[in-house]
Amino acid sequence: MQAEYFTRDLLRAARFAAEKHRDQRRKGIEASPYINHPIEVAELISRVGEVDDLPTLIAAILHDTVEDTETTFEDIENAFGADVCSLVAEMTDDKSLPKAERKRLQVEHSSQVSHRAKLIKIADKTCNVKDVANSPPPDWSVKRRTEYLDWASRVVDGCRGVNEKLERHFDETLARAREVL
Ligand code: NDP
Ligand code: ZN
């Protein structure tokens with residue numbers, strides 16, 4: 001049986017992620033607080049994708065906590081239940097693998113993840129493509145930024161067919177990013 005989620009769980013997730021990411025900054029020139037990113041991802045799914053499914057929005061807020069902080073899947077399952085935990089797992093790379101292999105696996109697996117995880121992946125890549133265009137890590141060459149856009153586009157291609165508005169918004173964001181570069 002699927003657990004029921006409420007608005008208070010979404011706010012609890014925001015508080016949880018803010019606490020977990022509290023000492024982290026994005027890699028971009030502005031080094032903005034890390035939490036801005038998962039909030040942006042969730043807000044995009046809600047506003048552009050017109051998705052109001054709470055487990056999706058909660059998992060979007062939490063999507064980088066296991067990958068980028070000491071949070072475990074057990075922590076997520078205990079605090080937010082199995083539905084959200086399985087979505088966060090679908091968003092989490094295996095950090096024991098080399099980075100190039102992780103990137104290859106994201107492309108290979110993106111068509112096989114759940115419908116909800118595809119929504120989060122499209123929004124995540126949209127935000128990162130925008131960041132690579134507007135606030136890139138300072139040491140990234142144009143070549144590396146271009147390679148990132150190409151890779152993100154391949155990951156999103158595997159996720160297509162779940163939300164026309166989000167997919168169109170990704171395409172527009174990618175086109176603008178290519179112009180900036
Ligand atoms: P990544 O390419 O994994 O870094 C991008 C990730 O960092 C994003 O997916 C995003 O993930 C996060 N992020 C945080 N802040 C920003 C921001 N401002 N803009 C964009 N992304 C941000 O970098 P790695 O350092 O992990 O590099 C690994 C890969 O890069 C290797 O596979 C290697 O092959 C390649 N590489 C290429 C080089 C080149 O010159 N072409 C040079 C060196 C490496 P999230 O949403 O999870 O936070
Ligand atoms: Zn992310």
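Heads up: numbering here begins at 1 and tracks the sequence. When reading the values below, keep in mind they use all heavy atoms of this one structure, side chains included, and skip hydrogens, waters and symmetry mates.
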At what distance, to the nearest 0.5 angstrom, does CG of Asn128 lie from CD of Glu40?
9.0 Å

Minimum heavy-atom distance between Ala133 and Leu181, given as atom pair plus value:
CA-CD1, 4.2 Å

Distance col, row Met91:CE vs Thr65:OG1, nearest 0.5 angstrom, shows 10.5 Å

Walk me through it: do His21 and His37 pass the test side chain to side chain contact (heavy atoms under 4.5 Å, CB included)?
CA-CA 10 Å; His21 291 298; His37 164 70; over 6 Å; no

Atom CD of Glu74: over 12 foreign heavy atoms under 6.0 Å:
no

Tell me whether the rings of Phe16 and Phe80 are parallel (<30°), tilted (30 to 60°) or perpendicular (>60°).
perpendicular

Lys118 side chain to Arg160 main-chain N or O, any donor-acceptor pair under 3.5 Å?
no

Straight-line distance of Leu11 CG to Ile58 CD1, nearest 0.5 Å
9.0 Å

Tell me if a side-chain donor or acceptor on Arg26 pairs with a main-chain N or O of Ser32 at a distance below 3.5 Å.
no

Polar side-chain atom of Glu167 near backbone of Asn163 as donor-acceptor pair, under 3.5 Å:
yes

Between Glu90 (side chain) and Ser114 (backbone), is there a donor-acceptor pair under 3.5 Å?
yes

Hey, what do you get for CZ (Arg15) to CD1 (Ile35), rounding to the nearest 0.5 Å?
13.0 Å

Side chains of Thr72 and Asp75: is there a donor and an acceptor less than 3.5 Å apart?
yes

Tell me the closest heavy-atom pair linking Val162 and Cys159, and the distance in Å.
CG2-O, 3.4 Å

Can you name the nearest heavy-atom pair linking Ala59 to Leu87, along with the distance?
CB-CB, 3.5 Å

Find out whether Lys103 and Glu147 are in side-chain contact, i.e. whether some heavy atom of one side chain is under 4.5 Å from a heavy atom of the other.
no

Distance, nearest 0.5 Å, that separates CZ of Arg176 from NZ of Lys130
9.5 Å

Please round to the nearest 0.5 Å and tell me the distance separating atom OG of Ser153 and atom CG of Asp171.
7.5 Å

Walk me through it: do Thr69 and Tyr34 pass the test side chain to side chain contact (heavy atoms under 4.5 Å, CB included)?
CA-CA 11 Å; Thr69 79; Tyr34 198 92; over 6 Å; no

Going by heavy atoms in the side chains, are Asp93 and Leu105 under 4.5 Å from each other?
no

Is the shortest side-chain heavy-atom distance between Val84 and Arg116 below 4.5 Å?
no

Can you check whether Val113 reaches Ser110 side chain to side chain, under 4.5 Å on heavy atoms?
no

For the residue pair Asp9 and Arg12, establish whether any side-chain heavy-atom pair is separated by less than 4.5 Å.
yes

Transitively linked via ILVMFWY side-chain contacts under 4.5 Å: Val132 with Ile29?
no

Grouping I, L, V, M, F, W and Y whenever their side-chain heavy atoms are under 4.5 Å apart, do Ile120 and Phe73 come out in a common cluster?
yes

Would the number of heavy atoms belonging to other residues, nucleotides or ligands and lying under 6.0 Å from CG of Asp52 be above 12?
no

Between Val41 and Ala60, what is the shortest heavy-atom contact and its length?
CG1-CB, 4.2 Å

Do any N or O atoms from the side chain of Gln24 and from the backbone of Lys20 form a donor-acceptor pair under 3.5 angstrom?
no

Under 3.5 Å donor-acceptor, Arg22 side chain and Glu19 backbone:
yes

Heavy-atom closest contact (Pro55 atom, Tyr5 atom, distance)
CG-CD1, 3.5 Å

Please check: side-chain N/O of Ser135 versus main-chain N/O of Asp131, any donor-acceptor pairing under 3.5 Å?
no

Answer yes or no: is there a donor N or O on one side and an acceptor on the other, between the side chain of Ser86 and the main chain of Asp83, under 3.5 Å?
yes

Within the distance-only criterion (no hydrogens, no angle test), does the side chain of Glu50 pair as donor or acceptor with the backbone N or O of Lys165 below 3.5 angstrom?
no

Within the structure provided, determine whether Thr126 and Leu166 are in side-chain contact (heavy-atom separation under 4.5 Å).
no

Short N-O contact, Asp150 and Arg178, less than 4.0 angstrom
yes

Does a side-chain N-to-carboxylate-O contact under 4.0 Å join Glu101 and Arg104?
yes

Neighbour count >12 (heavy atoms, 6.0 Å) for atom CD, Gln112
yes

Is Lys143 atom NZ crowded by more than 12 heavy atoms from other residues, nucleotides or ligands, each under 6.0 Å away?
no

With distance as the sole test, does Ser46 use its side chain to make a donor-acceptor pair with the main-chain N or O of Ala42 at under 3.5 Å?
no

Closest approach of Arg25 and Ala31, non-hydrogen atoms and distance?
CD-O, 2.8 Å

Do we see a donor-acceptor contact under 3.5 Å between the side chains of His63 and Asp124?
yes

